[in-house]
> 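Take a look at the following structure, please.
Just follow the structure's listing: the first ligand is 1, and inside any ligand the first atom is 1.
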Amino acid sequence: MTTATDNLEGRKADLLEQLRRAIVEDRQVMDSEPAKTATQLVFGDGNPAAKIVFVGEAPGASEDKAGRPFVGQAGQLLEECLREVGLSRQEDVWITNLVKHRPPANRDPSEEEKRLYAGYLDQELAVIQPTVVIPLGRHAASHFLSDFSISRQHGQARRVSYEFADGRTEDLLIMPFYHPAAALYNPQLLATIKEDFKKLQSIL
Ligand code: URA
């Protein structure tokens, strides 16, 4: 039997597929350096009707190869943190990046490159309508929050008035976490990151 939830998920999946195709047909994006040097587009992945959306900055080498976000070492840590609070990557969350092609040699994307992709992230969020958006790391967080410090404000939920690329403004609940890759360089951070994941239960 098909349920209303299945239908909603199916409709959102169709809209996201249209969005994925729109990106590969966008000449400005496809002529930019990340798209020209990447192997493929790394679109978002997970449950299109999820209440939680994670946003990274840009794919790395493993993601570029697989065509899926967060599949390398940082992704494995992200999955471990999700599992420990009883969440599954495929069933309970949507995982995406602001910039959806790997920048050459993993360099930071330029402001202009971020702007090229930002409208697509906005449309992704508008389709999914999550309860909470979790930027991973200070680069992704600074897309949503001005005047932001990851060490002081990680794990704190803030309702912000977010201006979408099409000029619409809507309230979004933003709860930045450390990027899981930070725990690869500084293992002491892993406990802090896991404490932040536990806060998700009270938000949902
Ligand atoms: N880091 C990111 O920000 N995004 C990925 O997809 C992988 C690593």
Side-chain angles (χ1 to χ4, degrees), residues 16 19-20 23-24 29 32-48 50 52-83 87-125 128 130 132-145 148-151 153-155 174-187 189-190 192-194 196-197 200:
L16 290 169
L19 196 57
R20 194 188 63 74
I23 301 176
V24 288
V29 166
S32 71
E33 192 172 50
K36 287 214 299 224
T37 55
T39 309
Q40 57 189 318
L41 173 73
V42 179
F43 194 64
D45 170 60
N47 180 347
I52 307 171
V53 170
F54 288 94
V55 182
E57 188 186 32
S62 311
E63 291 74 25
D64 178 61
K65 205 166 160 200
R68 284 180 74 211
F70 285 93
V71 292
Q73 278 183 296
Q76 282 163 27
L77 267 186
L78 174 61
E79 284 187 33
E80 179 182 323
C81 293
L82 285 171
R83 258 198 318 274
L87 296 172
S88 125
R89 169 180 183 140
Q90 285 310 122
E91 300 296 321
D92 300 310
V93 305
W94 181 262
I95 301 176
T96 193
N97 282 297
L98 170 55
V99 169
K100 297 184 193 320
H101 288 96
R102 179 194 184 207
N106 289 351
R107 67 158 169 76
D108 288 342
S110 68
E111 288 308 311
E112 172 60 14
E113 287 162 355
K114 289 189 215 169
R115 199 191 51 74
L116 277 179
Y117 290 88
Y120 292 109
L121 174 63
D122 288 355
Q123 291 180 64
E124 226 175 337
L125 295 175
I128 299 171
V132 61
V133 177
I134 309 213
L136 293 170
R138 69 188 165 87
H139 292 295
S142 64
H143 175 72
F144 296 95
L145 303 168
F148 170 77
S149 152
I150 190 81
S151 58
Q153 288 162 281
H154 67 88
I174 308 291
M175 191 178 185
F177 285 2
Y178 276 108
H179 195 290
L184 297 172
Y185 301 107
N186 177 2
L189 269 185
L190 188 56
T192 308
I193 294 176
K194 288 187 173 176
D196 285 347
F197 271 77
L200 282 174

> Applying side-chain hydrogen bond (donor to acceptor under 3.5 Å, both in side chains), name anything that partners E112, two or more places apart in sequence or on another chain.
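E112 satisfies side-chain hydrogen bond (donor to acceptor under 3.5 Å, both in side chains) with R115 only.
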> Are any non-hydrogen side-chain atoms of T39 and R102 less than 4.5 angstrom apart?
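Sidechains of R102 and T39: no contact.
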> Which protein residues have a heavy atom closer than 4.0 Å to any atom of ligand 1, listed by chain and number?
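Ligand 1 is contacted, at a heavy-atom distance under 4.0 Å, by G56, E57, A58, P59, E63, P69, F70, N97, H179.
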> Is there a side-chain contact between F70 and R89, using heavy atoms and a 4.5 Å cut-off?
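When only atoms from C-beta onward are counted, R89 and F70 do touch, with a gap below 4.5 Å.
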> Report the residues that fulfil ring-ring contact (aromatic ring centres under 6.0 Å, His included) with F197, sequence neighbours left out, ordered by chain and then residue number.
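ring-ring contact (aromatic ring centres under 6.0 Å, His included) list for F197, sorted by chain: F54, F177.
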> Return the set of residues passing ring-ring contact (aromatic ring centres under 6.0 Å, His included) with Y178 (not counting sequence neighbours), or none when no residue passes.
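Once residues adjacent in sequence are excluded, the partners of Y178 under the ring-ring contact (aromatic ring centres under 6.0 Å, His included) criterion are H154.
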> Would you check if there is a donor-acceptor pair between the side chains of T96 and E124 at a distance under 3.5 Å?
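Short answer, yes.
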